[in-house]
Protein chains: 2
Amino acid sequence: MENKKKSTIKDIAAVLGLTPSAVSKALNNHPRISEKTKIAVKEAAIQLDYQPNYLSSALRKGKSNLVGVIIPRVNSHFFSSVVENIEKVLNLNGYNIIMTQSNELYVKECQEIDTLLKIQVDGIIASMANETTNLEYYQKIKSKTELVLFDRGEEELNVDYVGIDDYKSSHLVVDHLVSQNCNRIAHIAGFKHIRIYKERIRGYKDALEKWNLESKENWIIESNLRLEDGRRIMQQLLDSSERPDAVYVAGDIAALGALQVLLENNIKVPEEIALIGFSDEPFTSLTQPSISTVNQHSDQIGKLTAEAFLERMKNPKKKTINRIILEPELIIRQSSNRDLK
Amino acid sequence: MENKKKSTIKDIAAVLGLTPSAVSKALNNHPRISEKTKIAVKEAAIQLDYQPNYLSSALRKGKSNLVGVIIPRVNSHFFSSVVENIEKVLNLNGYNIIMTQSNELYVKECQEIDTLLKIQVDGIIASMANETTNLEYYQKIKSKTELVLFDRGEEELNVDYVGIDDYKSSHLVVDHLVSQNCNRIAHIAGFKHIRIYKERIRGYKDALEKWNLESKENWIIESNLRLEDGRRIMQQLLDSSERPDAVYVAGDIAALGALQVLLENNIKVPEEIALIGFSDEPFTSLTQPSISTVNQHSDQIGKLTAEAFLERMKNPKKKTINRIILEPELIIRQSSNRDLK
DNA sequence: TATATTTGTTCAATCGATTGAACAAAAATA
DNA sequence: TATTTTTGTTCAATCGATTGAACAAATATA
């Protein structure tokens, strides 16, 4: 670091023969300060390369203008896109975000929460880790600051939430598969204790019922939805006595694993087994065959989450909870489109 | 937010009939405070659920214990792994990190730098965006706080740096390709204005020369190394009058694009054209054929970068610059291994 | 016993910006 | 001209924690 001490309002005051408070008010456009001094102060500020001391103003105002964002993984298009859009909106409103990742680990998530609370963020926007079942730390957030959840959230926390209609997503998927003449549809699911995965499972079952299709319990396999989970479970399905003719995977990465196993076993996709993933990760359009998937509108989720947060900040005492549920969109690609062939 | 006002040292002092300063000293283990009061204070602190006000102590101490980390993209295994390891080491030393991404855009990078400086981080750890050629903002960082670079850094900034030996990486790649009887080796390169890519190009040329191979200027194609760049350039190479028999791509994502084009054109990899990428992104082991690549030891880079930073914090006036260069490791997979077949 | 040293705590200033109250000068109104 | 209103600025307290100096009490030393 080269030595260059930052200038303060004191320095500006000294240069202009004013008091620090006059300078502070001028910079904040206080109505009682004359235009003339305001201009003079602002010019001097530029001259002296003045940067307001964030710490002191945050301390005085009791407001940091920082928002913590906790996501499970940064290394996913969905989450990084949501964060990008949250950031865009919040930046325009004078907030800066601190992005942290839980790596899907409960312990890490708790650590991150403690850190953010320590830093005194003005609020936290989060999507919960797969592992998280104990909501104690989220209650802690609620007791100290504002909380808005997206995608992975629990209703019992009773906070603003933005996500898609997971139940309906499954209907879209199953309806499409049925239209492709599939009638033995398996579901590689996420853990039931997480609301979104529970909803997808519920939608899957109801949709099967709607079409009078059998809903076999051992065709719903819960997992962490990592690549290796997709591989393992797909292999398991192939080895089973009755093979499905379609597999609906609750996550794209696991779907990729499943596809690898299918191809390795020389199974024709979608002719023998159709495959559908979830999230519209970019790679789904790059595989051979490309993978059908459900678009979760990450950009919209990010934007709406940020707006819900801003709304909450304006009105912290508001009792009503805002739950925004977006319409999912099924993206049909080669892995489930038998008409193409 | 439920209403629960945080307790301060004042509250603790009131409970115990002490002054705030005594409490502060007790909490900070000041030698002049008796063991008895220290214990009493610490107990009361727990009782009152006291959390030190980060803002005020940072203001007073002139130290935030926050470190800004700027990376080009969060959505890459290399960078997210580096950050993860930086975080691990810094957390153990009482620092918290604020991770931001430039999205490879110069303008965004400048914004992020301004934000971090505003928040008064104690230092910044960065890897530069592809677009960045103007070092003005990095000079600004240097003038205000500590700066440590990793992977993408420029020597003229004259700051601590951790990276791999890019020049040598190219030698490893070329030597291996030559051992596979390739002798028309093209290079899909990054932009020459970035040091690491310049070094890879230099290494590539020197290695070719070492083996008495022709180094054709139009077999070195600079790009942004995105997926579409890899696709476009690979197609270009296929359409050219003289096809290469090996392609060395300076980034894995572009290598994936190149591989897609090769497969779409029914070219046998590695028999007709061998392919090698760079960074050991996880997907390189998942493609068919799997892609050979160069391991940059992201975990080591993260750890060493954090340690260099801590060293610098301990000794801000130190004049000597620490440059740590790690050995690259070539990972040979199917896309370049003709012996396997 | 008188003096020096150690120990435990309080005092008061400080970090930098903000803000309501106070005050003086200028302008408007009676 | 006297009084009220408006305008522009300063004063002083504040946010919460930290820290060197000051002070008093307890203990050690001469």
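Naming: A, B, ... by sequence-line order, numbering from 1 per chain.
- A salt bridge is defined here as a Lys NZ or Arg NE, NH1 or NH2 lying under 4.0 Å from an Asp or Glu carboxylate O, and Lys88(B) with Glu84(B) fails to meet this definition.
- One interatomic measurement links the two molecules: NZ of Lys63(B) to P of dT19(D), which rounds to 12 Å at whole-angstrom precision.
- Within 6.0 Å of atom NZ in Lys318(B), more than 12 heavy atoms from other residues, nucleotides or ligands are found, so the atom counts as buried in its surroundings.
- For the pair Arg32(B) CZ and dA25(D) P, the interatomic distance rounds to 16 Å; values are reported in whole Å.
- Rounding to whole angstrom units, NZ of residue Lys36(B) and C1' of dT7(C) are separated by 12 Å.
- Look at Glu112(A) and Lys108(A) and you find a salt bridge, because one of the NZ, NE, NH1 or NH2 atoms lies within 4.0 Å of a carboxylate O, short of that distance.
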Per-nucleotide protein contact along nucleotides 12-18 of chain C, 5' to 3', at a 4.0 Å heavy-atom cut-off (B base, S sugar-phosphate only, - neither), is BBBBBBB

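- Comparing Ala22(A) and Ala22(B), the nucleotide of DNA chain D nearest to each residue sits closer to the 5' end for Ala22(A).
- Distance CG (Asn29(A)) to P (dG8(D)): 14 Å, rounded to an integer number of Å.
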Using distance only, find each side-chain donor-acceptor pair of residues 37-45 of chain A under 3.5 Å and give its atom names and separation, not counting sequence neighbours.
| residue | atom | partner | partner atom | Å |
| --- | --- | --- | --- | --- |
| Thr37(A) | OG1 | Ser34(A) | O | 3.0 |
| Thr37(A) | OG1 | Ser34(A) | OG | 2.5 |
| Lys38(A) | NZ | His30(A) | O | 3.1 |
| Lys42(A) | NZ | Asn29(A) | OD1 | 3.0 |

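- Salt-bridge formation is detected for the pair Asp114(B)/Lys140(B): a Lys NZ or Arg NE/NH1/NH2 atom is positioned less than 4.0 Å from an Asp or Glu carboxylate oxygen.
- Glu109(A) and Ser102(A) get closest at one heavy-atom pair: CB-CB, 3.8 Å.
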